[in-house]
J.: 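Supplied in structure tokens, the structure appears directly below.
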Amino acid sequence: MTDTLIINSEIALAQAQRKLAEMWRENKYVEVEFRRKAKQRTLTQNRALHLFCQWLADTLNDAGYDMRKTLRQDVDIPWTQESVKEHLWRPIQIAMTDKRSTTEITTVEPTEIHAVLSRHLGQKLGIACPEWPKREDRAA
């Protein structure tokens, strides 16, 4: 018999403890496997990601770093929120998490990806990457 218990609150923790004790009393043997799983990123974090991408696009454009100067030499293309997400954020996300979609990242991964992207732009272009948006910041 296999039971999967998801513990995501104090109440669920207490219920899991009771269930484990009950299983132990019945069989005098229980094998337990623990898996840690971070929660998926929140809608607030998704809005923050899009706001950050817009801020970074504005920062790069204001500094004179169009996509041509940053990525390709063929054509002068201004940065947009979507191009930042596709050409800067997503490659780092995939390299760090092996996740293609931003809907798959956990609540801790955006901060880690932001730190790597910020360090990269600082070292490569001397660009001060915008801070990660705070709750009080509103998407445009």
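Each residue takes its place number in the sequence, starting with 1. Computation of the quantities below employed the complete heavy-atom set of this structure, encompassing side-chain atoms and omitting hydrogens, waters and symmetry-equivalent molecules.
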J.: Rounded to the nearest 0.5 Å, what separates atom NZ in Lys124 from atom CZ in Arg119?
T.: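 Answer rounded to 0.5 Å: 14.5 Å.
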
J.: Decide yes or no for Arg100 and Ile94: does some side-chain heavy atom of the first lie under 4.5 Å from some side-chain heavy atom of the second?
T.: yes

J.: Measuring only between side-chain heavy atoms, which start at C-beta, is Leu60 closer than 4.5 Å to Leu125?
T.: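 Of all side-chain heavy-atom pairs linking Leu125 with Leu60, at least one is under 4.5 Å.
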
J.: Take a 6.0 Å sphere around CD of Glu26 and say whether it holds more than 12 heavy atoms from other residues, nucleotides or ligands.
T.: yes

J.: Of the non-hydrogen atoms in Ser118 and Cys129, which two are nearest, and what is the gap between them?
T.: OG-CB, 3.3 Å

J.: Quick one: pull up CG in Leu56 and NE2 in His114 and give me the separation to the nearest 0.5 Å.
T.: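 Going from CG on Leu56 over to NE2 on His114, the span is 8.0 Å.
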
J.: For Lys99, does its backbone N or O pair with a side-chain atom of Gln93 as donor and acceptor, under 3.5 Å?
T.: yes

J.: With a 4.5 Å cut-off on side-chain heavy atoms, are Thr59 and Pro130 touching?
T.: yes

J.: Does atom CD of Glu22 have more than 12 heavy-atom neighbours, drawn from other residues, nucleotides or ligands, at distances under 6.0 Å?
T.: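 Atom CD in Glu22 is crowded, with more than 12 foreign heavy atoms closer than 6.0 Å.
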
J.: Around atom CG of Asn27, are there more than 12 heavy atoms of other residues, nucleotides or ligands at under 6.0 Å?
T.: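 Count over threshold, so yes.
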
J.: Is any side-chain heavy atom of Leu13 closer than 4.5 Å to one of Ile7?
T.: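 Ile7 reaches Leu13 side chain to side chain.
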
J.: List the steps, then state whether side chain to side chain contact (heavy atoms under 4.5 Å, CB included) holds for Leu121 with Leu117.
T.: CA-CA 6 Å; Leu121 292 176; Leu117 178 56; 4.0 Å; yes

J.: Answer whether the closest heavy-atom distance between the side chains of Trp79 and His87 falls below 4.5 Å.
T.: yes

J.: Could you tell me whether the side chain of Val116 reaches within less than 4.5 Å of the side chain of Glu112, counting heavy atoms only?
T.: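 Sidechains of Val116 and Glu112: no contact.
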
J.: Looking only at the aromatic ring of each residue, does the gap between the centers of Trp89 and Trp132 stay below 6.0 angstrom?
T.: yes

J.: I'd like to check Arg41 versus Thr106 (side-chain heavy atoms, cut-off strictly below 4.5 Å). Are they in contact?
T.: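 Result no, sub-4.5 Å side-chain heavy-atom pair not found.
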
J.: Quick one: are Leu49 and Ile113 in side-chain contact, heavy atoms under 4.5 Å?
T.: no

J.: Is Leu5 linked to Val32 within one hydrophobic cluster, defined over Ile, Leu, Val, Met, Phe, Trp and Tyr using a side-chain heavy-atom separation of less than 4.5 Å?
T.: no

J.: Working to the nearest 0.5 angstrom, can you tell me the gap between Arg90 CZ and Ser83 OG?
T.: 12.0 Å

J.: Measure the CD1-CG distance between Ile127 and Asp62 for me, rounded to the nearest 0.5 Å.
T.: 9.5 Å

J.: Which atom names give the shortest non-hydrogen contact between Thr107 and Gln45, and what distance separates them?
T.: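 Heavy atoms only, the tightest pair is O-NE2, 2.6 Å.
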
J.: Can you hop from Met96 to Val108 via hydrophobic side chains spaced under 4.5 Å?
T.: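 They do not share one cluster, since no chain of ILVMFWY contacts under 4.5 Å joins Met96 to Val108.
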
